[in-house]
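Report on the structure given below.
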There are 2 protein chains.
Amino acid sequence: MNTKKITIADVAEEAKVSKSTVSQYLNQRFEYMGEQTKERIAQAIKDLGYRPNIVARSLKQKTTTTIGVIVANISHEFSTQIVQSIEKYCNESNYHIIVCNAEDHPEKEQKYIEMLRAKQVDGIIVFPTSNNKELYQSLNLEDYPMVFIDRYVPEVKVSSIMLDNKKASQLAVEEFHRLGYERIGIITNSTKNNVTPRVERIEGFVQALESKNLEVNESYIKSVSLHEISKELVQMFSLEQPPEALLAGNDLALIEILQFTKKHQLQIPSDLAVIGIDDVSFASIYNPELTTIAQPTDEMGKKAAELLISQIQGEKPPFQQIYRFSPTLLSRSSCTGIKGGIL
Amino acid sequence: MNTKKITIADVAEEAKVSKSTVSQYLNQRFEYMGEQTKERIAQAIKDLGYRPNIVARSLKQKTTTTIGVIVANISHEFSTQIVQSIEKYCNESNYHIIVCNAEDHPEKEQKYIEMLRAKQVDGIIVFPTSNNKELYQSLNLEDYPMVFIDRYVPEVKVSSIMLDNKKASQLAVEEFHRLGYERIGIITNSTKNNVTPRVERIEGFVQALESKNLEVNESYIKSVSLHEISKELVQMFSLEQPPEALLAGNDLALIEILQFTKKHQLQIPSDLAVIGIDDVSFASIYNPELTTIAQPTDEMGKKAAELLISQIQGEKPPFQQIYRFSPTLLSRSSCTGIKGGIL
DNA sequence: TTGTAGGCGTTATCAC
DNA sequence: GTGATAACGCCTACAA
């Protein structure tokens, strides 16, 4: 049981060379190194079971090959998909990720950001809450590598990876329209904060309705906290004219809607057509199969990691470039044009 | 734009005290510190915008307040739930987690373990693959804090957090039996490796059948890779006597089964009763609602974090204690006893 | 081609 | 109460 920690000095001693030579060896600077020196070092490393201490290296080199990922709320399938994709790309580039879940609390987010910086992570990818502008700003002024994802903060000149949210709503509305629906609503779960996706999705939704000359009925447009969605739905469906079609702003809203239709025995799509933003795991096995607007999470996560790593490696960050990713309509059976009477 | 890094030395200078005094201040050792000294230091820290460098501290203290989490395969909902729970508990204890996805590759796992150790993480929680026994063993012999989760490795004396897998199968079989099903099968997706949950679930399944004097039909018991499940199902259902009830070994297997029933227009539960291990997000909104066996992921993740942190903080690890968590049967509508003829 | 010496930012020991 | 000084383990000029 090899308890004592082996350092580079031990290796040097064992191999009868100096610490610097060992260090060179470890860093692959073989250029001027004698064959036998190499071998002796290799042997010593093996014999002693030496393992480099990256913390010490980090201290010296001011780089940790670790990045922070702060997720706004990990309970969205979208978040975990993005994290998964970031991890994959980072792994290829030999970075590690520290994952943090801000749970939509700006204070938590702030604490995480501060700790991550204290731990000298090389950069961070964050799903920003909207209440830490000054903090982002200050990081950015120091040229601290940072990338936003899912949301953005107009005041802060940081690159953002985002869905083309308006396009997403537009795709949905067009699909509804194409299939003959007219009374169309949208439901999103909101935190108090004005997060980009929600705002843009609603905006895009309204615009798309208008451009199709469809009625914009405020009572079909709801953005409330998750646990209030069911209440809103009840209310919406006690209107004289309830909506015929509903767009779910994200996966959790979709689940609420499905729960509601189930409970009240509404048939999809005949009583209510549904489209969800986010291609949930069960979309193609649900009865009926769910028409969704998918986000390219793989590419988005990868792009975020790429951008961050290139910033870390010295590229000047582009001036608040916004990368918009296109959503894809996956047309399935929860929105087919079959309406109530027909069933 | 404050480019130069502020260190403890700068603060000391600014406050006209020594580095040691500042360090004491930072570490809350106020016992013998003058009021005004404190104030001067506080002021200096503020003025200079000093931020401690945890890497340097880690080097000195040999502790990073960071732990590694190596997930076998993050595409299971179970994995992300566990990670989420671990993160939550770690956050409360001021630890950070580095998340790694081994994708069921022992080599990847090994690389991760080595890098994490090199980064001096204080301990690791791992969903072990079965092919790194020597590595685990060696870590363990060095008393390196480690906790296994979901799976365990009999040869290695490390504590494990696990579902009571046999109980899970048993609950399912009993439910099937109670409702009058007799031809009962199980489908799991397997990696090549002999992972604990799969093995135990099948074992428990067979035992439960036997104890109920139900027929054990090998052609109803399949453990194959994910993409082969559909093939197996086709085969199973071209038997003269196909199964009446099927237990899905985990979330992904369940999805495969549901895909299959959908494609072949089998009605659940009348043509086929289904129970899934893992309480998937869509269980209660699926049509029909899915009877599942839920794992207490929150508690399991928490326990893993607790155990690890207490080991880190000096507690001797218990001698390969195995913590079994009880599954819960959530009886819904995919298994009701209603059989073919009745519909 | 290899070795020496100093420093990265912090903490710890022990004087003063 | 406070301050030198020496680590922690590694990297990197520069010297030899």
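A, B, ... follow the sequence lines: proteins, then strands. Residue 1 opens every chain. All values reported here derive from a predicted model rather than from experimental measurement.
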Do the non-hydrogen side-chain atoms of B/F127 and B/N73 ever get within less than 4.5 Å of each other? no

Any salt bridge between B/K88 and B/D298, counting N to O under 4.0 Å? yes

When rounded to the nearest 0.5 angstrom, what distance separates CD in A/E114 from CD in A/E109? 10.5 Å

Can you confirm whether the side chains of B/S18 and B/T21 place a donor and an acceptor under 3.5 Å from each other? yes

d(CD, B/Q120; C1', D/dG9) in whole Å: 9 Å

Would one find a side-chain N or O of B/Y50 under 4.0 angstrom from OP1 or OP2 of C/dT10? yes

Between A/S23 and D/dC11, is there a contact of a side-chain N or O with OP1 or OP2 at under 4.0 Å? yes

Consider the side chain of A/L59, meaning its heavy atoms from C-beta on, and name the nucleotide among D/dG9, D/dC10, D/dG3 that approaches it most closely. D/dG9

A/E13 has an atom CD; how far is it from atom P of D/dG9, in whole Å? 14 Å

Rounded to whole Å, the CG-P distance (B/L48 to C/dG9) equals 14 Å

Look at B/T21 and D/dG3 and indicate whether a side-chain polar atom (N or O) is within less than 4.0 Å of OP1 or OP2. yes

Interatomic distance, B/I41 CD1 vs D/dG1 C1' [rounded to whole Å]: 11 Å

Round to the nearest Å and state the distance from B/K5 atom NZ to C/dC8 atom P. 14 Å

Could you check B/Q61 against B/S20 and say which one's nearest nucleotide on DNA chain D is further toward the 5' end? B/S20

Parallel, tilted or perpendicular: which one describes the rings of A/Y136 and A/F148, with boundaries at 30° and 60°? perpendicular

Between A/E87 and A/N91, is there a side-chain donor-acceptor contact under 3.5 Å, judged purely by atom types and distance? no

Between D/dC10, C/dT2, C/dT11, which nucleotide has the shortest distance from any of its atoms to the side chain of A/A56? D/dC10

Please report the distance, rounded to the nearest Å, between CG in A/N27 and P in D/dG9. 17 Å

How many Å lie between CD1 on B/I8 and P on D/dT5, as a whole number? 17 Å

If you assign B/I54 and A/T37 each to the DNA chain C nucleotide with the nearest heavy atom, which residue ends up on the more 5' nucleotide? A/T37

Whether B/K62 contacts D/dG9 is assessed here as follows: a side-chain N or O lying under 4.0 Å from the phosphate OP1 or OP2. Is that the case? yes

Check: C/dA12 base within 3.5 Å donor-acceptor of B/K60 side chain: no

Closest to the A/R57 side chain, choosing from C/dT10, C/dC8, D/dC11: D/dC11

Select base, sugar-phosphate, or nothing to describe what A/V55 touches, counting heavy atoms under 4.0 Å on all strands. nothing

Integer-rounded Å distance: D/dG9 P and A/L26 CG: 15 Å

Within the structure, does a side-chain N or O atom of A/N53 lie under 4.0 Å from either OP1 or OP2 of D/dC8? no

Ranking C/dT11, D/dG9, C/dG9 by distance to the side chain of B/K19, first place goes to C/dT11

